[in-house]
Amino acid sequence: MVTPDDIKGWITEKLPCDHIELDGDGQHFQAVIVSPAFTGKNMIQQHRLVYDALGSRMHAEIHALSMKTYTPEDWAAR
């Protein structure tokens, strides 16, 4: 079974993250991800970076992932 720590590791292997929170039940996961890689990108582009980091795992091992993505500046300002 996939754990939140597994997903966190897979994301941080490919995407620099200043902060990441993951929670889930083994199939459905929720994430908060703060990355400087999101700067200058819209929400769809930010989510695409996360999906790209997860690669084929997104379809094979992770049933659903809802996420909130932030640039470091947006995270600090909230």
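FYI, the numbering just counts along the sequence from 1. Just so it is clear, the structure is predicted and the values come from calculations on it, not from any experiment.
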If I take atom NZ from residue K68 and atom CZ from residue R78, how far apart are they, to the nearest 0.5 angstrom? 9.0 Å

Is the shortest heavy-atom distance from the side chain of L15 to the side chain of F38 under 4.5 Å? yes

Heavy-atom nearest pair, D18 first then P36, reads OD1-CD, 3.7 Å

For a side chain to side chain contact (heavy atoms under 4.5 Å, CB included) check, start with the C-alpha distance between S35 and L49, then their side-chain angles and the critical distance, and finish with the verdict. CA-CA 10 Å; S35 175; L49 286 174; over 6 Å; no

Stepwise, does the side chain to side chain contact (heavy atoms under 4.5 Å, CB included) test hold for I20 with T12? CA-CA 9 Å; I20 186 167; T12 57; 4.3 Å; yes

Nearest heavy-atom neighbours spanning I33 and M67: CD1-SD, 4.4 Å

So, taking the atom named CZ in R57 and the one named CD1 in I11, what distance separates them when rounded to the nearest 0.5 Å? 10.5 Å

Check against side chain to side chain contact (heavy atoms under 4.5 Å, CB included), M58 and L65: CA-CA 8 Å; M58 192 58 222; L65 174 65; 3.8 Å; yes

Can you tell me if H47 and Q45 form a side-chain donor-acceptor pair at under 3.5 Å? no

Should T71 and V34 count as side-chain neighbours, where that means a heavy-atom distance under 4.5 Å? no

Between V2 and F29, what is the shortest heavy-atom contact and its length? O-CZ, 3.6 Å

Quick one: list whatever passes ring pair (Phe, Tyr, Trp, His ring centres under 6.0 Å) with Y70, sequence neighbours left out. W75

Is the closest side-chain heavy-atom distance between I62 and Q27 below 4.5 Å? no

Kindly give the heavy-atom pair with the smallest separation between T69 and V50, and that separation in Å. CG2-CG2, 4.4 Å

Side chain proximity check, H28 to H63, heavy atoms < 4.5 angstrom: yes

Verify side chain to side chain contact (heavy atoms under 4.5 Å, CB included) between T39 and E73, making sure each step is shown before the conclusion. CA-CA 9 Å; T39 302; E73 295 78 20; 3.9 Å; yes

Using every non-hydrogen atom in the two residues, find where P4 and G24 come nearest and quote the distance to one decimal. CG-N, 3.7 Å

